[in-house]
Amino acid sequence: MGSHLYLVLTLVFYAVGAVHLLVQALTHRRGGTSWTAVSTLVGFALHTASLALAWAEAGHFPAVGLRDMSSFLAWATVLVFLVTFVRTRVEALGLVVYPTAFLLVLVAILSRSTPGGDPVLRSLFLPVHAALAVLGYAALFLAFAMGVLYLVQERELRSRAPRVFYYLIPSLERCDTISGSSVSVGFGFLTLAILTGMLWSRSAYGRLWSGDAKEWAALVAWLIYIVLLVARYRTGWGGRRAALLGIVGFSAVLFTFLTMTVLPTAFAR
């Protein structure tokens, strides 16, 4: 089977896990989590196989263009979610992660592969830089998701008649703690991604900084997260303000991802 077929099967299993988790959450049932876990793990294994085959088919690391990056980011998002779930057992996070992973895989399936004739794409810096970048994006997405869940839960607590989300989302303190940890991890990966990206640029093009849109967006996001981390750990600034700043920071990260995948000049300098 080719990488595309594996990707289609991945989409099916992620969809099964998402639907099962949603039904379980809405009906307040707690006996079927294993089905969601099995579906997710099988889908993740198929997704890993798809990436490996795509690497072999393309002859370079599959991190070029919309198809490759969407698939790779979905894979990293599910990986970070699984690690987080094992540590925290927060099922509500899956209500944000599953639709996102499903959408990214669907985009990858519907997108065309990008020609990879450029010898620069065979550089060892590409897999290192791309892996660090998508893991950072995935961790920061989880921080963004927990920030959104924090704001939703805060609104539910302020209402006189809490709805179903009140019972699905963990406490405000738990949301804030997981979000803060995810920001720390994501910031570390983002920093390393920026450094390896500069080394890759130096090796390939003879300059550390070209000043294109994705580099400026990455720098802006990095600075926003520095402010957030300093505010959290030096002044104890968390809660609603941290959630809002995390959402702003992830907007810059999202812009970076779009400039890398959608714009035709993403890898051209």
Side-chain angles (χ1 to χ4, degrees), residues 1-55 62-63 67-111 130-131 133-149 152 164-165 167-170 174-175 177-179 181-182 185-186 189 250 257:
M1 293 190 295
S3 61
H4 186 78
L5 182 54
Y6 273 103
L7 206 55
V8 172
L9 293 175
T10 298
L11 188 71
V12 172
F13 278 96
Y14 284 170
V16 170
V19 171
H20 191 272
L21 178 62
L22 180 61
V23 171
Q24 177 185 334
L26 293 178
T27 57
H28 301 284
R29 296 176 60 183
R30 290 291 178 267
T33 306
S34 60
W35 285 101
T36 303
V38 168
S39 178
T40 304
L41 291 173
V42 172
F44 182 75
L46 291 169
H47 202 166
T48 304
S50 173
L51 290 174
L53 284 173
W55 192 345
R67 178 180 178 179
D68 289 350
M69 286 299 293
S70 295
S71 178
F72 196 17
L73 182 57
W75 179 86
T77 300
V78 174
L79 173 62
V80 173
F81 165 67
L82 290 173
V83 173
T84 303
F85 177 75
V86 169
R87 293 175 60 87
T88 66
R89 298 295 176 179
V90 175
E91 297 180 7
L93 190 55
L95 298 175
V96 182
V97 170
Y98 279 119
T100 302
F102 180 90
L103 180 60
L104 286 170
V105 172
L106 182 62
V107 169
I109 291 173
L110 297 178
S111 302
V134 297
L135 287 172
Y137 295 166
L140 294 173
F141 169 74
L142 257 66
F144 161 81
M146 293 308 300
V148 171
L149 292 179
V152 172
V164 66
F165 290 111
Y167 303 99
L168 299 178
I169 301 173
R174 195 92 184 275
C175 289
T177 300
I178 296 174
S179 178
S181 299
S182 298
V185 173
F189 278 120
F250 186 74
F257 174 75

Item to check | With F189 via ring-ring contact (aromatic ring centres under 6.0 Å, His included) - residues at least two apart | outcome: none
Checklist entry - Within 45 degrees of the axis of the six-membered ring of F85 and under 6.0 Å from its centre: does R87 put its NZ or CZ there? => result no
Item to check | Check: S71 and V105 side chains under 4.5 Å, non-hydrogen atoms | outcome: no
Checklist entry - In chain order, what residues pass the side-chain contact (heavy atoms from CB on, under 4.5 Å) check against S111, with sequence neighbours excluded? => result L66, R67, V107
Item to check | side-chain contact (heavy atoms from CB on, under 4.5 Å) involving L104 - partner list, sequence neighbours excluded | outcome: S70, L73, A74, T100
Next on the checklist: For Y6, is there any backbone N or O sitting under 3.5 Å from a side-chain donor or acceptor partner on T10?
Outcome noted: yes
Checklist entry - Do L135 and L79 come close enough that some side-chain heavy atom pair is under 4.5 Å? => result yes
Item to check | F250 and F141 aromatic centres sub-6.0 Å | outcome: yes
Item to check | Results of ring-ring contact (aromatic ring centres under 6.0 Å, His included) for Y137 - residues two or more places apart only | outcome: none
Checklist outcome for this item: Only residue of W75, Y98, Y14 satisfying ring pair (Phe, Tyr, Trp, His ring centres under 6.0 Å) with F81 is Y98
Item to check | Results of side-chain contact (heavy atoms from CB on, under 4.5 Å) for V19 - residues two or more places apart only | outcome: V23
Item to check | side-chain contact (heavy atoms from CB on, under 4.5 Å) evaluation trace for H47 with F13 | outcome: CA-CA 10 Å; H47 202 166; F13 278 96; over 6 Å; no
Checklist entry - Got a sec, which residues hit side-chain contact (heavy atoms from CB on, under 4.5 Å) with L82, two or more places apart in sequence or on another chain? => result T40, L41, F44, V78
Next on the checklist: Given 3.5 Å as the limit, does a donor-acceptor pair link the side chain of S50 with the main chain of S3, or not?
Outcome noted: yes
Checklist outcome for this item: Distance col, row T177:OG1 vs M146:CE, nearest 0.5 angstrom, shows 9.0 Å
